[in-house]
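Each remark here refers to the structure printed beneath this line.
Remember, it's a predicted structure, so these values are computed and weren't measured experimentally.
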Amino acid sequence: MSSRGSTFAALGTASALLMVTACATATSSDTGSSPGSAVPAAATTTDPDVGAPPGAEILGRPAVGEPFKLTIDYSNTSGLDEFEVTVDEVRCGEPLDPKALAHASTPGTEPQPEEGKQYCVVSMEVQNVGKSEADWSADEAITLNVDDIAYSPTQSDNELAALYAQYWSDQGKTDPSFGINPGSKSPEHAVIQIPVGEEPTTVWVASGNLLETIDGVEPGYLVQLGNTTQS
């Protein structure tokens, strides 16, 4: 990754109480966004739960670099998938990793975000702490939040994240979405667009494969991001 851009330090749960709402509604000038790419999160500036989906059970508020455990159950089996996930960093406003982009169908072409948007890359480490091979992907289980506005990866964002997975696969690190064995750990990346000039405040990670199912909003973790330095 380039050294430019924003790197978010871990400040812990208490920093969420001091955050000032920077944006109360999603930008209306988005072009090409998929439905639901910006959805309301729990509101109220002084609410420590700001950034979590309304009605979601918050399992914890870890800091960047602090691992947390995802336990995923399934309606058609008694088995559980268990992962330890760590959000290592979030970088915004810098070019995407050229080593990942080299795996694109047209290498050398720099992808462009939507007008008025910037790319943010959420870097995670995922370890299988269960008892059998299991898979997990951030594609539909994560949002990057600017106070009470939650941004999800679009289809094109997920295609860019897949380039990171291909790069790490070449390094012998299987992407968790393809399944990893107990004790194995691999990097996982999410690419998400937020408005230029905004700085994310939290990351929501659902303890499941989706943010919401027919049974309702999945529980999850509200990862606290610290002060930022824009490039």
Min side-chain heavy-atom separation Arg91-Cys120 under 4.5 Å: no
How many angstroms lie between CD in Glu188 and NZ in Lys173, if you round to the nearest 0.5 Å? 14.0 Å
Indicate if Val205 and Ile58 have the same hydrophobic cluster label, given that clusters are the connected sets of ILVMFWY residues with side-chain heavy-atom separations under 4.5 angstrom. no
Using 0.5 Å steps for rounding, measure from the CD atom of Gln112 to the OH atom of Tyr119. 7.0 Å
Does Ile192 belong to the same Ile/Leu/Val/Met/Phe/Trp/Tyr cluster as Leu211, with side-chain heavy atoms less than 4.5 Å apart forming each link? no
Can you hop from Val129 to Met124 via hydrophobic side chains spaced under 4.5 Å? no
In short, Val126 meets Pro176 closest at the heavy-atom pair CB-CG, 3.8 Å
Leu160 side chain reached by Leu96 side chain, heavy atoms, under 4.5 Å: yes
Please report the shortest heavy-atom distance between Ile180 and Thr174, naming the atom on each side. CG2-O, 3.8 Å
Smallest heavy-atom separation, Val87 atom then Val64 atom, equals O-CG1, 3.4 Å
Backbone N or O of Pro200 within a donor-acceptor pair of the Tyr151 side chain at under 3.5 Å? no
Please round to the nearest 0.5 Å and tell me the distance separating atom NE2 of His189 and atom CG of Asp175. 9.5 Å
Donor-acceptor pair, distance only, cut-off 3.5 Å: does the side chain of Trp136 make one with the backbone of Asp81? no
Count I, L, V, M, F, W, Y as connected when their side-chain heavy atoms are under 4.5 Å apart, and connections chain through other members. Are Ile142 and Trp204 then in the same cluster? no
Strictly by modelled atom types, are Asp157 and Thr154 linked by a side-chain donor-acceptor pair under 3.5 Å? yes
Spell out, as yes or no, whether a donor-acceptor pair under 3.5 Å connects the side chain of Thr143 to the backbone of Asn145. no
Between Asp97 (side chain only) and Leu101 (backbone N and O only), is there a donor and an acceptor less than 3.5 Å apart? no
Would a hydrophobic clustering, with Ile, Leu, Val, Met, Phe, Trp and Tyr connected at side-chain separations under 4.5 Å, put Leu222 with Leu225? no
Check the orientation of Tyr167 and His103. Use parallel for under 30°, tilted for 30 to 60°, and perpendicular for over 60°. perpendicular
Heavy-atom closest pair (Glu218 atom, Ala206 atom, distance to 0.1 Å) is CB-CB, 4.2 Å
Going by atom types alone, do Ser177 and Asp135 pair a side-chain donor with an acceptor below 3.5 Å? no
How about Glu84 and Lys69: do any of their side-chain heavy atoms sit closer than 4.5 Å? no
Does any part of the side chain of Val90, heavy atoms only, come nearer than 4.5 Å to the side chain of Val203, both counted from C-beta? yes
Rounded distance [0.5 Å steps], CD in Glu66 versus CD in Gln224: 10.0 Å
Value rounded to 0.5 Å, distance of OG1 in Thr71 from CG in Leu80: 6.5 Å
Under 3.5 Å, is there a donor-acceptor pair linking the side chains of Thr86 and Asp88? no
Closest approach of Glu198 to Gln118 (non-hydrogen atoms, all atoms of both residues): O-NE2, 3.1 Å
Just wondering, more than 12 heavy atoms not from Glu140 lying within 6.0 Å of its CD? no
Expected output: side-chain Tyr164 to main-chain Val121 donor-acceptor under 3.5 Å: no
Return yes if some donor-acceptor pair links the side-chain N/O of Gln171 with the main-chain N/O of Trp168 below 3.5 Å, else return no. no
Spacing of SG belonging to Cys92 relative to CG belonging to Leu144, to within rounding of 0.5 Å: 6.0 Å
Closest approach of Gln193 and Lys117, non-hydrogen atoms and distance? OE1-CB, 3.6 Å
Given Asn209 and Ile72, is the side chain to side chain contact (heavy atoms under 4.5 Å, CB included) satisfied, shown in steps? CA-CA 8 Å; Asn209 293 307; Ile72 304 172; 4.0 Å; yes
Would the distance check show the side chain of Ser207 and the main-chain N or O of Gly220 forming a donor-acceptor pair, the cut-off being under 3.5 Å? no
